[in-house]
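See below for the structure under consideration.
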Amino acid sequence: QVQLVESGGGLVQAGGSLRLSCAASGLTFSIYAMGWFRQAPGKERDFVAGVSRGGGSTNYADSVKGRFTISRDNAKNTVFLQMNSLKPEDTAVYYCAAALSVVAPRRAYDYGYWGQGTQVTVSS
């Protein structure tokens, strides 16, 4: 079956960095666009970043543009999210997701597979 397993979350001070990874199995990774979403307590799940299935096209939420970088390694079936200059408002559970699409959609509805999430906490 399809599995998406996130790792790399944790507690970091404001201004610090974290690198999230998402390892995929059970699917042909290279034909899926990949996205990262986040959900803070009491809030909706929001789009953070997406990468096309070939890796050549990326898109970001305005709130993370210039601070976060999404990338993928199709040989290793893994997608990454490098997060720099972290802010307390970045605190959330971060989820990776796979969409059968060329480019990464921004709507959660368009993603068919989801990981279990990894907690990111940024202290002030």
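Values reported hereafter were calculated over all heavy atoms of this structure, with side chains retained and with hydrogens, waters and symmetry mates removed. Keep in mind the model is a prediction, meaning the values are calculated, not measured.
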- Query: Is there a path of hydrophobic side-chain contacts, each under 4.5 Å between heavy atoms of I, L, V, M, F, W or Y residues, that connects Val51 with Tyr95?
  - Reply: no

- Message: Rounded at 0.5 Å granularity, tell me how far CZ in Arg38 sits from CD in Glu44.
- Response: 13.5 Å

- Each residue besides Val102 in its hydrophobic cluster should be listed here, by chain and number; the cluster joins Ile, Leu, Val, Met, Phe, Trp and Tyr at side-chain heavy-atom distances under 4.5 Å. Val103

- Query: Can you name the residues that form a side chain to side chain contact (heavy atoms under 4.5 Å, CB included) with Ser123, not counting sequence neighbours?
  - Reply: Leu11, Gln13

- Message: Quick check: is Val93 connected to Val64 through a chain of hydrophobic side chains (ILVMFWY, heavy atoms under 4.5 Å apart)?
- Response: no

- Task: Just grab all the disulfide (SG to SG under 2.5 Å) pairs involving residues 39-94, residues at least two apart or on different chains.
- Result: none

- Report yes or no: does Ser101 contribute a side-chain atom to a donor-acceptor pair with the main-chain N or O of Ala99 at less than 3.5 Å? no

- Query: Got a sec, which residues hit salt bridge (charged side-chain N to carboxylate O under 4.0 Å, His left out) with Arg67, two or more places apart in sequence or on another chain?
  - Reply: Asp90

Donor-acceptor pairs under 3.5 angstrom involving side-chain atoms of residues 110-121: please list them, not counting sequence neighbours.
{"from": "Asp110", "atom 1": "OD1", "to": "Arg107", "atom 2": "NH2", "distance (Å)": "3.0"}
{"from": "Asp110", "atom 1": "OD2", "to": "Arg107", "atom 2": "NE", "distance (Å)": "2.9"}
{"from": "Asp110", "atom 1": "OD2", "to": "Arg107", "atom 2": "NH2", "distance (Å)": "3.2"}
{"from": "Tyr111", "atom 1": "OH", "to": "Pro105", "atom 2": "O", "distance (Å)": "2.6"}
{"from": "Trp114", "atom 1": "NE1", "to": "Tyr111", "atom 2": "O", "distance (Å)": "3.4"}
{"from": "Gln116", "atom 1": "NE2", "to": "Glu6", "atom 2": "OE1", "distance (Å)": "3.4"}
{"from": "Thr118", "atom 1": "OG1", "to": "Gly9", "atom 2": "N", "distance (Å)": "3.3"}
{"from": "Gln119", "atom 1": "NE2", "to": "Ala92", "atom 2": "O", "distance (Å)": "3.4"}
{"from": "Gln119", "atom 1": "NE2", "to": "Thr121", "atom 2": "OG1", "distance (Å)": "3.3"}

- In short, salt bridge (charged side-chain N to carboxylate O under 4.0 Å, His left out) pairs touching residues 46-63 with sequence neighbours left out are Asp62-Lys65

Just list the side-chain donor-acceptor pairs under 3.5 Å for residues 16-33, sequence neighbours left out, or say none.
{"from": "Ser17", "atom 1": "OG", "to": "Asn84", "atom 2": "OD1", "distance (Å)": "2.9"}

- Item | Residue list, side chain to side chain donor-acceptor pair (under 3.5 Å) with Gln39, at least two apart or on another chain | Arg45

- Item | CZ-OG distance between Arg72 and Ser52, expressed to the nearest 0.5 angstrom | 7.0 Å

- Task: Sorted by first residue and then second, give each disulfide (SG to SG under 2.5 Å) pair with at least one member in residues 38-72; sequence neighbours left out.
- Result: none

- Please step through side chain to side chain contact (heavy atoms under 4.5 Å, CB included) for the pair Ser71 and Met34, ending with a clear verdict. CA-CA 9 Å; Ser71 61; Met34 299 298 294; over 6 Å; no

- Query: What residues, two or more places apart in sequence or in another chain, satisfy ring pair (Phe, Tyr, Trp, His ring centres under 6.0 Å) together with Phe80?
  - Reply: none

- Query: Pairs in or reaching into residues 38-68: which pass ring-ring contact (aromatic ring centres under 6.0 Å, His included), with residues at least two apart or in two chains?
  - Reply: Phe37-Phe47

- Item | Residue list, salt bridge (charged side-chain N to carboxylate O under 4.0 Å, His left out) with Lys43, at least two apart or on another chain | none

